[in-house]
K.L.:
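First the structure, then my questions, so here it is.
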Amino acid sequence: MNLKNRNFLTLKDFSPEEITFFLDLAADFKEKKKKNIPVNTLKGKNIALIFEKPSTRTRCAFEVAAHDLGICTTYLAEGSQIGDKESIADTARVLGRMYEGIEYRGFEHSNVEELAKYAGVPVWNGLTNEFHPTQMLADMLTIREHFGILKGLKLVYFGDARYNIGNSLSIVCSKLGLHFVVCAPEKYFPAESLIDECREWCKTSGGTIKCTTNIEDATKDADIIYTDVWVSMGEPDEVWAERIKDLKPYQVNAAVMKKAKKTAIFMHDLPSFHNLETKIGYEIGKKFNVTEMEVTDEVFESPQSLVFEGAENRMHTIKAVIAATLGWK
Ligand code: CP
């Protein structure tokens, strides 16, 4: 399959076969890394990594993946001219003349679209408010490694599904034939227009998509229970009080996991607020008198939890995206 020169902005733009190609290539890279087989045939190429929001996994995955492929990286965060003294369009035309590819993590999805419009080289979305496609490849690879299949599995997402993770899970599950359920108060359901689009993909994939407020109904026969932090990057601190009140009943805890299949796994894109008695999230926890938020420490640390397998797979799948779009052979 030839994906050379393609942008990677959202999985809406990729067919199920193309998404599966990324997963297969990532699995191959993972195997090669384990066996110390070099894959550095893109020596001499350079890529730019733009991060307007913080990151651990995505940044490290891009840096390590690029290094393994023989590519040099430039990290651009505070201190660059982007969005301050220079427009996205001008930045794109500058970077496009120096680099073979550009990663962008930022706010509005229109920013990464603007970058892609003007860069003339592949642009990869490292997270926007609306979509997080590289995360989806890692999640699907992790699920496929565990169950051996994707089609027909039931994945339940607990939490605010209006942003990048909820939207992106809706898309990837619908394209690959999973049964996707959002379990949250109604105001946190994904946009109806996106659900309509997903229903079209489900017609050919055999998947389904559903939103419910009912935890019993959602978790029955679930294979994967997935959650995310209740407040996204870029949202103001004022939303914490409302989010905690609304989503506390939808916390993933041992009782929720018991309602799912015995074989069910727990997933989280990370970072997670699972133990606020430590330094992490301590001030927020103290303010609202909670020690655990979207997931309890018990579930996070349980054998059902594949959160760190998922984190590792960020690197293998991002390597596949860079390689495929830069024409790796
Ligand atoms: N899941 C994820 O995108 O992690 P980072 O914010 O650390 O990149």
Side-chain angles (χ1 to χ4, degrees), residues 8-11 22-23 26 30 47-68 73-78 101-109 111-112 123-143 145 155 157-173 224-235 237 252 265-275 278-281 284 293-295 299-300 305-322:
F8 188 82
L9 306 187
T10 157
L11 290 180
F22 283 127
L23 299 181
K30 189 169 181 174
I47 64 173
L49 308 177
I50 304 172
F51 281 86
E52 294 181 336
K53 284 179 178 175
S55 170
T56 297
R57 277 145 292 272
T58 311
R59 177 183 175 183
C60 296
F62 267 97
E63 299 244 16
V64 174
H67 181 265
D68 286 354
T73 58
T74 303
Y75 178 69
L76 289 159
E78 297 94 48
I102 304 167
E103 179 277 350
Y104 175 84
R105 166 173 285 208
F107 294 86
E108 288 79 27
H109 192 69
N111 288 346
V112 78
V123 170
W124 309 297
N125 177 4
L127 178 144
T128 57
N129 292 345
E130 294 89 342
F131 302 109
H132 198 2
T134 60
Q135 178 69 49
M136 294 304 110
L137 293 184
D139 293 338
M140 291 300 123
L141 181 63
T142 308
I143 295 168
E145 284 172 346
L155 189 156
Y157 177 81
F158 280 84
D160 185 349
R162 299 169 300 169
Y163 299 116
N164 46 44
I165 294 293
N167 290 343
S168 301
L169 283 171
S170 304
I171 296 163
V172 77
C173 290
I224 304 122
I225 303 290
Y226 195 125
T227 191
D228 189 12
V229 285
W230 289 338
V231 175
S232 298
M233 275 185 279
E235 288 195 286
D237 278 352
V252 177
I265 59 168
F266 169 72
M267 296 184 76
H268 192 304
D269 51 301
L270 304 179
S272 161
F273 275 0
H274 60 96
N275 182 356
T278 63
K279 192 167 145 268
I280 308 304
I284 294 167
M293 289 222 201
E294 73 277 3
V295 58
V299 171
F300 187 91
S305 172
L306 295 192
V307 296
F308 297 112
E309 283 78 357
E312 178 191 333
N313 283 338
R314 297 298 309 285
M315 197 276 287
H316 305 298
T317 45
I318 281 174
K319 193 184 285 178
V321 170
I322 299 172

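We count ligands from 1, going down the list as the structure has it; atoms in each ligand are counted the same way. Just the heavy atoms: all of them, side chains too, but no hydrogens, waters or symmetry mates, feed the values below.
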K.L.:
Are any of the N/O atoms on D269, whether in the backbone or the side chain, positioned under 3.5 angstrom from an N/O atom of ligand 1?
P.N.:
yes
K.L.:
Can you check which of M233, K53, R314 brings a heavy atom nearest to atom 2 (C) of ligand 1?
P.N.:
R314
K.L.:
Quick one: are L141 and F22 in side-chain contact, heavy atoms under 4.5 Å?
P.N.:
no
K.L.:
Which atoms of ligand 1 are found less than 4.0 Å from any heavy atom of H132?
P.N.:
2 (C), 3 (O)
K.L.:
How close does the nearest protein non-hydrogen atom get to atom 4 (O) of ligand 1, and which residue and atom is it?
P.N.:
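Atom 4 (O) of ligand 1 sits closest to the protein heavy atom R57 NE, 2.9 Å.
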K.L.:
Return the CG to OG distance between L49 and S55, rounded to the nearest 0.5 Å.
P.N.:
9.5 Å
K.L.:
Polar-atom distance check: L270 versus ligand 1, any N or O pair below 3.5 Å?
P.N.:
yes
K.L.:
For the ring pair F8 and Y104, is the centre-to-centre distance below 6.0 Å?
P.N.:
no
K.L.:
Checking Y163 against D228: is there a side-chain donor and acceptor pair closer than 3.5 Å?
P.N.:
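Result is no, nothing qualifies.
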K.L.:
When you measure from atom 7 (O) of ligand 1 to every protein heavy atom, which one gives the shortest distance, and what is it?
P.N.:
T56 N, 2.7 Å
K.L.:
Taking only heavy atoms of T58 into account, list the atoms of ligand 1 that are under 4.0 Å away from them.
P.N.:
2 (C), 3 (O), 5 (P), 8 (O)
K.L.:
Around atom 6 (O) of ligand 1, find the nearest protein heavy atom and jot down its residue, atom name and distance.
P.N.:
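Protein heavy atom with the smallest distance to atom 6 (O) of ligand 1: R105 NH1, 2.9 Å.
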K.L.:
Answer yes if the side chains of E309 and T142 hold a donor-acceptor pair under 3.5 Å, and no otherwise.
P.N.:
no
K.L.:
Testing the 3.5 Å rule here: is there a donor-acceptor pair between the side chains of E145 and N313?
P.N.:
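Result is yes, a qualifying pair exists.
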